[in-house]
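First the structure, in the form of structure tokens, and then the observations on it.
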Amino acid sequence: MRDSYLQYKASELASEHAFLQWVHSPESELGVQWTEWLTKHPEMFEEAELAKRMVSHMKFQQLQDFPTNTADLWKRIDASIEVEEVPTLVIDRNAGSNERSSRIWYNIGLVAAACIAILFILRFLSPQEFTLDVPRGEHMVHQLPDESQVEINAESNLHYSSKGWEKERLVNLEGEAYFRVKKGKKFTVNTPMGAVEVLGTSFNVYNRGKDFRVSCMTGSVQVSSHHGDLHKVLLPGQSVQWNPEDGNVDKTFEVDEEEKNSWWNGTYSFKDAPLFECFEELGRQFNLEVELGPKIDRNEEWTGHFSGSDVDQALYDVCWSNGLEYRQEGNIVYITQDTVRHMK
């Protein structure tokens, strides 16, 4: 068992492929390893038990005819969840470890049990199909079947099948994720705009709308687009950005120090990025709706960064450097020009 599991919370354990195998096959060799690991680390027993209950309250069904209709899908989810008292744990990704002792247990029935499937992000279409939906304001770290690791950014979706994984390592991504890939057979990240192929490396993939960006940190990656002429091999420290609206011209540049310590380390960096993209990312990380005033140039380029640990400081950092001010009302942040500074 990896030492990094000592830092995991229940929801993170419940999303681990190895942990799921233990829950389903406690007598297997892997189950014995987990049991021995918990014996050595009794401080993790409570988190592990909570994670097991989360997993156990979802009956994983082999869906031969997966419904495309949303209403039918939720009927199946409701039917697959047992009615009994279920413990839930609300997790804030910015909370400190001292908050573990402040858990609140709720006795809930069918409706709340269905919500667990949403709250804890992981949805299982079949025992071999995995879909991870990460909402706004959250991140997820997930271990793939070969112990490759992926950290998924807020408002992103990752899907893969564990069947035949040893022959074809393939994941489908919408949004943004950072991968640390174990050496082995070809590993492919497929997105709506393009694909990334590697053997073993660490890299970041961003695909939101028509903006497709890949940054290579270690090893090398091959990047290609689905709708253009992008075919490029990136070496460590290189990044490529591609958008079909730019005439299918790719922009290749060096990864600077700020990007090397980017969102997966809690820092959100921008280089000559349109202002609206910066505020979109800020809203995504803190689960806020950001509204820009009519006098603001949405496409004005900005270079800078903000931290994901404090929303007020993040808003101040972006607004101050752009001559803006903000006002927050509940979940909505209004951005306007700083009239005092503009009068000077």
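No experiment lies behind these values; they were computed from the predicted model shown. Side chains included, hydrogens not; waters and symmetry mates left out as well; all remaining heavy atoms used.
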Any side-chain donor near an acceptor of the partner, Ser148 and Asp146, under 3.5 Å: yes
Fill in: Side-chain touch Val205/Leu173, heavy atoms, less than 4.5 angstrom
yes
Apply side chain to side chain donor-acceptor pair (under 3.5 Å) to the pair Trp263 and Asn204, showing each step before the final yes or no.
-> CA-CA 10 Å; Trp263 66 267; Asn204 189 69; 2.9 Å; yes
Minimum side-chain heavy-atom gap Gln241-Thr252 below 4.5 Å:
no
The reported gap from CG in Asn331 to CZ in Phe286 (rounded to nearest 0.5 angstrom) is 12.5 Å
Contacts satisfying salt bridge (Lys or Arg N to Asp or Glu O under 4.0 Å) that involve residues 176-200 (not counting sequence neighbours) are Lys186-Glu197
Under a side-chain separation threshold of 4.5 Å, the hydrophobic residues clustered together with Val233 are none
- Query: Is His159 reaching over with its side chain to a backbone N or O of Phe130, donor-acceptor style, under 3.5 angstrom?
  - Reply: yes
Side chains of Asn287 and Glu138: donor-acceptor distance under 3.5 Å anywhere? no
message: Can a donor-acceptor pair be found, under 3.5 Å and without considering hydrogens, that links the side chain of Ser239 to the backbone of Val214?
response: yes
Q) Under 3.5 Å, is there a donor-acceptor pair between the side chain of Asn322 and the main chain of Leu324? A) no
- prompt: Is the shortest side-chain N to carboxylate O distance from Glu329 to Arg327 below 4.0 Å?
  reply: yes
Backbone N/O of Asp272 and side chain of Thr303: donor-acceptor pair under 3.5 Å
yes
Side chains of Cys319 and Ile335: closer than 4.5 Å at any heavy-atom pair? yes
Polar side chain donor-acceptor pair, Glu151 to His142, under 3.5 angstrom:
no
Without hydrogens or angle criteria, can the side chains of His231 and Gln222 be said to hold a donor-acceptor pair below 3.5 Å?
no
- prompt: Arg213 side chain to Val240 main-chain N or O, any donor-acceptor pair under 3.5 Å?
  reply: no
**Request:** Start with the C-alpha distance between Phe179 and Val171, add both sets of side-chain angles, then the distance that settles side-chain contact (heavy atoms from CB on, under 4.5 Å), and finish with yes or no.
**Result:** CA-CA 11 Å; Phe179 295 85; Val171 301; 3.9 Å; yes
Interatomic distance, CZ@Phe212 vs CE@Met193, rounded to 0.5 Å, equals 8.0 Å
Check: Where do Asp317 and His305 land on the side chain to side chain donor-acceptor pair (under 3.5 Å) test, with the steps shown first?
Finding: CA-CA 8 Å; Asp317 290 342; His305 66 272; over 6 Å; no
Heavy-atom nearest pair, Trp302 first then Ser321, reads NE1-OG, 2.9 Å
